[in-house]
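Okay, so here's the structure we're looking at.
To find a chain, count down the sequence lines: A is the first, B the second, and so on, and within it residues start at 1.
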Protein chains: 2
Amino acid sequence: METLRERKKQRTRDALLRAAVELFTTRGYERTTVDEIADAVDVSQRTFFRYYAGKEEAALALQEMAVARFVEAVRERPAAEAPMEALRQAVLEGWDTLGEVIEAVVPIELYLRMYRVIESTPVLLAAHLRRNEEIEDALARVLAAREGVDVDADPRPRLAVAVFGGVMRVTERRWGTDGDFSLDAMRDMTIAHLEQVGPALTKNWRSQ
Amino acid sequence: METLRERKKQRTRDALLRAAVELFTTRGYERTTVDEIADAVDVSQRTFFRYYAGKEEAALALQEMAVARFVEAVRERPAAEAPMEALRQAVLEGWDTLGEVIEAVVPIELYLRMYRVIESTPVLLAAHLRRNEEIEDALARVLAAREGVDVDADPRPRLAVAVFGGVMRVTERRWGTDGDFSLDAMRDMTIAHLEQVGPALTKNWRSQ
DNA sequence: GAGGCTAATGACAGCGTCTGACAATTGACA
DNA sequence: TGTCAATTGTCAGACGCTGTCATTAGCCTC
């Protein structure tokens with residue numbers, strides 16, 4: 001079992017995250033200060049920075065949990081699967097099991113609201129996109145290993161992952177701005193968009 | 001002809017940009033302060049912020065010039081061209097005429113060095129990626145108009161642009177880290193990567 | 001070409017993020 | 001229980017950025 005010290009740390013860590021997300025989703029990211037977050041948990045500002053490298057990191061922490069799950073899912077996909085299909089299956093798995101990961105810390109509802117905050121806050125969106133690139137890099141390595149090619153010499157792993165990432169970004173954005181803001185809607189949109197990539201690149205858009 | 005006031009403003013604007021890029025590429029982005037930039041041009045810190053919204057904007061200003069050119073090139077492509085081909089031609093045009101745009105303010109050499117600074121500085125890379133998304137949005141509208149489809153209802157314009165953007169990002173990254181850091185190398189790599197997108201998505205990587 | 005008008009600048013004060021340093025507190029473990 | 005190490009609070013300060021107001025400098029009219 002864990003030591004008392006570790007449990008205490010985990011508790012303040014979670015409390016800080018909860019307080020931060022709560023404030024971000026109500027008052028907005030820019031208009032909540034680190035002092036307010038620290039005060040809400042009754043710790044010093046300095047302590048906040050010991051748990052999170054900055055406001056940004058706290059704002060993206062939930063996303064990070066979901067993403068870690070997704071990358072793990074890709075790693076565990078059967079080696080026989082084609083690269084794009086492995087990514088597709090893993091991301092769908094991710095959406096289906098999102099609840100388990102998030103609910104351990106905050107209600108899923110808060111996660112969804114936080115999503116929109118990220119999308120509508122320039123500095124957060126920027127940080128989110130940069131993080132996406134790091135993930136794409138990791139995924140390219142996984143795919144390259146699966147297929148037995150050199151990720152630094154052969155551009156195909158990175159290209160495939162970049163295309164997939166691009167499609168997912170389009171999906172994310174439409175999800176955040178369109179009407180149906182549910183996990184099911186996200187699932188359906190993911191499938192639909194992945195099916196239309198091919199046609200969008202090659203076919204004539206007007207003949208429809 | 002321009003008034004004296006306008007010429008003076010343009011001169012300080014350029015001087016600030018030159019000083020900023022000069023310092024960023026030698027001392028590094030994080031380790032140069034706004035005060036240092038302002039001092040180098042002999043203006044107050046407050047004046048710097050009147051010309052550039054922040055350090056970030058000054059760091060990305062050169063990129064911004066090149067990108068504006070590229071978007072304009074896409075707009076002027078013949079309407080008969082297929083979407084992806086229009087993007088391809090425009091970006092190649094962009095690389096070929098880069099010198100004209102940049103040399104008006106700083107030597108092209110500085111632009112190339114600044115490129116690597118952006119790529120290796122987390123906050124700058126993040127801002128760069130977010131800006132890319134804004135550009136992709138604009139491009140999607142252009143393509144949609146060309147093809148006569150609704151950009152909000154039909155996902156294909158955004159998907160096509162996202163794929164193109166993803167490929168360009170992979171190219172940028174390899175360009176910055178690989179050996180040959182010249183505009184010609186960038187040109188060749190762009191062509192090669194665009195040719196390999198299709199195969200990377202559909203074909204079996206091992207049968208080669 | 002003198003004077004009034006307006007735009008540009010400088011100087012100053014202040015807020016918020018983030019870091020380093022040191023002292024005080026609190027849990028771990030013999 | 002007493003020692004050691006980890007965690008926290010406090011303080012000082014750097015840096016980015018903004019609002020405010022007085023000062024300067026170009027512009028335009030009479």
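Ranking dG10(C), dC18(C), dC17(D) by closeness to the Val34(A) side chain, first place goes to dC18(C). In the set dA25(D), dA5(D), dG16(D), dG16(D) carries the atom at the smallest distance from any side-chain atom of Thr33(B). In the set dG16(D), dG10(C), dG9(D), dG10(C) carries the atom at the smallest distance from any side-chain atom of Val43(B). Closest approach to the Thr12(A) side chain among dT8(D), dA8(C), dT17(C) is made by dT8(D) (side chain taken as heavy atoms from C-beta onward). Candidate nucleotides dA7(C), dT19(C), dA5(D) were compared by shortest atom distance to the side chain of Gln45(A), and dT19(C) ranks first. Picking from dC18(C), dT26(C), dC15(D) the nucleotide with the shortest atom distance to the side chain of Lys55(A) gives dC18(C).
Between the CG atom of Asp39(B) and the C1' atom of dT9(C) there is a distance of 15 Å, given to the nearest Å. If you measure from atom CD of Glu57(B) to atom C1' of dC17(D), you get 13 Å, rounded to the nearest angstrom. When the C1' atom of dA8(C) is taken as reference, atom NZ of Lys9(B) falls 8 Å away, rounded to whole Å. The interatomic distance linking Tyr51(A) (OH) with dC18(C) (C1') rounds to 18 Å, in whole Å. The separation between Phe49(A) atom CZ and dG16(C) atom C1' is 9 Å, rounded to whole Å. Per the geometry, CD1 belonging to Ile37(A) stands 13 Å off P belonging to dG16(C), to the nearest Å. Rounded to whole angstrom, the span from the CD atom of Gln10(A) across to the P atom of dT7(D) amounts to 13 Å. Whole-Å rounding puts the Arg11(A) CZ to dG27(C) P distance at 10 Å.
Judged purely by atom type and a 3.5 angstrom limit, Tyr51(B) has no side-chain atom pairing as donor or acceptor with the backbone of Ala58(B). Looking at Arg146(A), its side chain does come within 3.5 Å of a backbone N or O of Pro78(A) through a donor-acceptor pair. Using modelled atom types, one side-chain atom of Asp154(A) and one backbone atom of Arg156(A) make a donor-acceptor pair closer than 3.5 Å.
Between the side chains of Gln89(B) and Glu85(B), at least one donor N or O sits under 3.5 Å from an acceptor N or O.
Among the heavy atoms of the strands, none lies under 4.0 Å from Tyr52(A). Here Ser44(A) lies in heavy-atom contact (under 4.0 Å) with a base. Contact annotation for Phe48(B): no contact, since no heavy-atom pair falls under 4.0 Å across all strands.
A cation-pi arrangement is present between Arg13(A) and Tyr52(A), with the terminal nitrogen or guanidinium carbon under 6.0 Å from the aromatic centre and inside a 45° cone about the axis.
Residue Thr47(A) has a polar side-chain atom (N or O) positioned under 4.0 Å from OP1 or OP2 of dG9(D). Listed pair Lys8(B) / dG26(D) meets the phosphate criterion, a side-chain N or O lying under 4.0 Å from OP1 or OP2.
Aromatic ring pairs are classed by plane angle as parallel below 30°, tilted from 30° to 60° and perpendicular above 60°; the pair Tyr115(A) and Trp175(A) is perpendicular.
Heavy-atom nearest nucleotides on DNA chain C were determined for Glu30(A) and for Arg50(A), and the one closer to the 5' end corresponds to Glu30(A). DNA chain D is contacted by both Ala53(B) and Arg5(B); Ala53(B) maps to the nucleotide lying nearer its 5′ end (nearest heavy atom per residue).
Arg46(A) contributes a side-chain N or O that forms a donor-acceptor pair with the base of dG20(C) under 3.5 Å.
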